[in-house]
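Fair warning: this is a prediction, and the values are worked out from it, not measured in the lab.
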Protein chains: 2
Amino acid sequence: MGISSTDLRRAGLFRGLTGCDLTGLLAVARPQQAAAGTTFFLADDQAARCYLLTAGYVKLVQAGLDGAEVVVRMVGPGEIFGWVAVMGGSCYPGTAEAVTDSAALAWDAEAVRRAILATPLLGLNALEAVGRRLREAQDRVRELATERAERRVARTLLRLADQAGTSTSGGVEIAIPVGRQLLADTAGATLHTVSRILAAWDHQGIIGGSRQRIILRQPDRLRALAEDDSEA
Amino acid sequence: MGISSTDLRRAGLFRGLTGCDLTGLLAVARPQQAAAGTTFFLADDQAARCYLLTAGYVKLVQAGLDGAEVVVRMVGPGEIFGWVAVMGGSCYPGTAEAVTDSAALAWDAEAVRRAILATPLLGLNALEAVGRRLREAQDRVRELATERAERRVARTLLRLADQAGTSTSGGVEIAIPVGRQLLADTAGATLHTVSRILAAWDHQGIIGGSRQRIILRQPDRLRALAEDDSEA
DNA sequence: CGGTTAGTTGACGCTCTTCAACGAATGTGG
DNA sequence: CCACATTCGTTGAAGAGCGTCAACTAACCG
């Protein structure tokens, strides 16, 4: 079950690259695994490698001064992580912890620099990927600054569904084990607030699920909560 | 008062480029001005150009659903803006409004793509610049999610001082006209909360200044407020 | 000197956090 | 298969922070 070049081509990062380029990149990549709960790297580690997630889900977590955790990003298959610190030659700003059993390809910082210099299109693609993430981060800044918890949680659920949703008969199920704490750390709220909000939505039939599992039964109503100015 | 290649070289974006590359880039750049209060581009405009600020200060603003504004970033001389939207071929996510009279160099989206393909190092530099932005944005996400208003305002002031501070006898003066509203939009708070916080600091001699002008009289105490877990 | 913009300050109340206790689901070892 | 510890989730009550409303003062500008 090796990783083929066609797998790689599917990742946006490698769009437009020649087969030759891809095999060259594969040759210097190191496969790496992380079981659920373990990490690819820790915050403040010297950034030595950057990653392309091939399977599983990884959360990038930053710790606040008082121990509060914030999920900066959820990474899904085909997405890259750890690139920013590597390009800047600094330390990783957060910890990359596998939420499910995960697999990734890792490249050394120097190998990536060489690859971009040799294949400028790769740099262009990376720039686009990092740019998209910058945009997402800026959107979250706006949301945290202006919107209230309920709406942020709604958005968080929709994003997760977008990233890891599988359509079932009863609605869209999020294929990642999502606990209240994780949701809270992602939405910028406390476990308690999230629990209350979800309980209310559950009673209204908007969502369902059980421990660590969430099903969006009425995504439209969630979308309304996330975007509308008035209530439903 | 044209812009020389040495000016450009000072901007991190062009580090390591040859004089030949630089003159080529200069040849396709269009100088553009914006008086204080006017804009380089508006949110939801089709992203046609990206910019390198050569003089002045520009704020990138996103508007929330209810009309609340959030300052996503303050841009100073030598920094680039508008790149993310251009690379993604999408619309600008926010408005770029000059806070002081400003000047910039603008490049067409296609020219930038060509330049990066021709000069991969430029792509590498851009990737690093965008990466730094991403990191800053993620830091702000963490701050907004975990810290309270007072600390966020302290950080905002320190950042502004870092970016546009001039040392004077009485302390570090921020060389940008900073109103309470701007500060609030940047820190993620309301005008009123900011006013109260600054009034308190003023009484304690931590800061000073007058209308639209702020002087950090005791930057160390501000730093303590921004970073320490306990109070002063 | 009026008009306008920027800033201050008080009172009130809504969200959300905090503190605390409880209930429910999962896994483990006997 | 059942007692057990552990993790996860729920729910109530109290209070803090900060947003909102409102009124007022001070500075700037023709």
Could you tabulate the donor-acceptor pairs under 3.5 Å formed by side-chain atoms of residues 87-94 of chain B, not counting sequence neighbours?
unit_1  : atom_1 : unit_2   : atom_2 : d
B:Ser90 : OG     : A:Arg135 : NH1    : 2.8
B:Tyr92 : OH     : B:Ala48  : N      : 3.4
B:Tyr92 : OH     : B:Arg49  : N      : 3.0
B:Tyr92 : OH     : B:Arg49  : O      : 2.4

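- Each end of the helix from C:dC1-D:dG30 to C:dC22-D:dG9 gets its own rotation axis from five pairs of C1' atoms, and the angle between them is 40° to the nearest 10 degrees.
- Using a cutoff of 4.0 Å between basic side-chain nitrogens and carboxylate oxygens, A:Arg223 and A:Asp220 are scored as salt-bridged.
- Crowding of A:Asp202 atom CG: a count of heavy atoms from other residues, nucleotides or ligands under 6.0 Å exceeding 12.
- In this view, A:Gln138 satisfies the side-chain hydrogen bond (donor to acceptor under 3.5 Å, both in side chains) rule with no residue, not counting sequence neighbours.
- The residue among A:Arg152 and B:Gly179 whose nearest nucleotide of DNA chain C is located toward the 5' end is B:Gly179.
- If you check residues 188-201 of chain B against DNA chain C, the residues with a heavy atom closer than 4.0 Å are B:His192, B:Ser195, B:Arg196, B:Ala199, listed by number.
- Taking the 5' to 3' direction, DNA chain D first and last meets chain A under 4.0 angstrom from a heavy atom at D:dT7 to D:dA13.
- In the region residues 203-215 of chain A, proximity to DNA chain D at under 4.0 angstrom, judged on heavy atoms, holds for A:Arg211, A:Gln212.
- Remark: B:Gln181 engages B:Asp185, B:Leu191 in a side chain to side chain contact (heavy atoms under 4.5 Å, CB included) (not counting sequence neighbours).
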Residues 166-173 of chain A side chain polar contacts: donor-acceptor under 3.5 Å, at least two apart:
unit_1   : atom_1 : unit_2   : atom_2 : d
A:Thr166 : OG1    : A:Glu173 : O      : 3.4
A:Thr168 : OG1    : A:Gly170 : N      : 3.4
A:Thr168 : OG1    : A:Gly171 : O      : 2.9
A:Glu173 : OE2    : A:Arg213 : NE     : 2.8

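- In the 5' to 3' direction, nucleotides of DNA chain C lying under 4.0 Å from heavy atoms of chain B begin and end at C:dT5 to C:dA11.
- Annotation: ring-ring contact (aromatic ring centres under 6.0 Å, His included) contacts involving residues 50-74 of chain B, sequence neighbours excluded, comprise B:Phe40-B:Tyr51, B:Phe41-B:Tyr51, B:Tyr51-B:Phe81.
- For the salt bridge (Lys or Arg N to Asp or Glu O under 4.0 Å) with A:Glu143, the qualifying choice from A:Arg152, A:Arg155, A:Arg151, A:Arg148 is A:Arg155, the only one to do so.
- A:Arg133 has no carboxylate O lying under 4.0 Å from a charged side-chain N of A:Glu136, or vice versa, which leaves the two without a salt bridge.
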Verdict with reasoning, A:Val99 to A:Val178, per side chain to side chain contact (heavy atoms under 4.5 Å, CB included): CA-CA 9 Å; A:Val99 176; A:Val178 178; over 6 Å; no
CA sep, side-chain torsions, deciding dist, call: B:Asp139, B:Arg142, salt bridge (Lys or Arg N to Asp or Glu O under 4.0 Å): CA-CA 5 Å; B:Asp139 283 344; B:Arg142 182 178 44 72; 3.7 Å; yes
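- The backbone N or O of A:Ala36 lies less than 3.5 Å from no partner atom in the side chain of A:Thr38, so there is not a single donor-acceptor pair.
- With hydrogens and angles ignored, the 3.5 Å screen pairs a side-chain donor or acceptor of A:Thr186 with a backbone N or O of A:Leu182.
- Under the rule for a side chain to side chain contact (heavy atoms under 4.5 Å, CB included), the partners of A:Arg196 that lie at least two apart in sequence or sit in another chain are A:His192.
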Acceptor/donor pairs from residues 67-79 of chain A side chains to any protein atom, 3.5 angstrom cut, sequence neighbours excluded:
unit_1  : atom_1 : unit_2   : atom_2 : d
A:Arg73 : NH2    : A:Ile80  : O      : 2.7
A:Glu79 : OE2    : A:Gly76  : N      : 2.7
A:Glu79 : OE2    : A:Gln163 : NE2    : 2.8

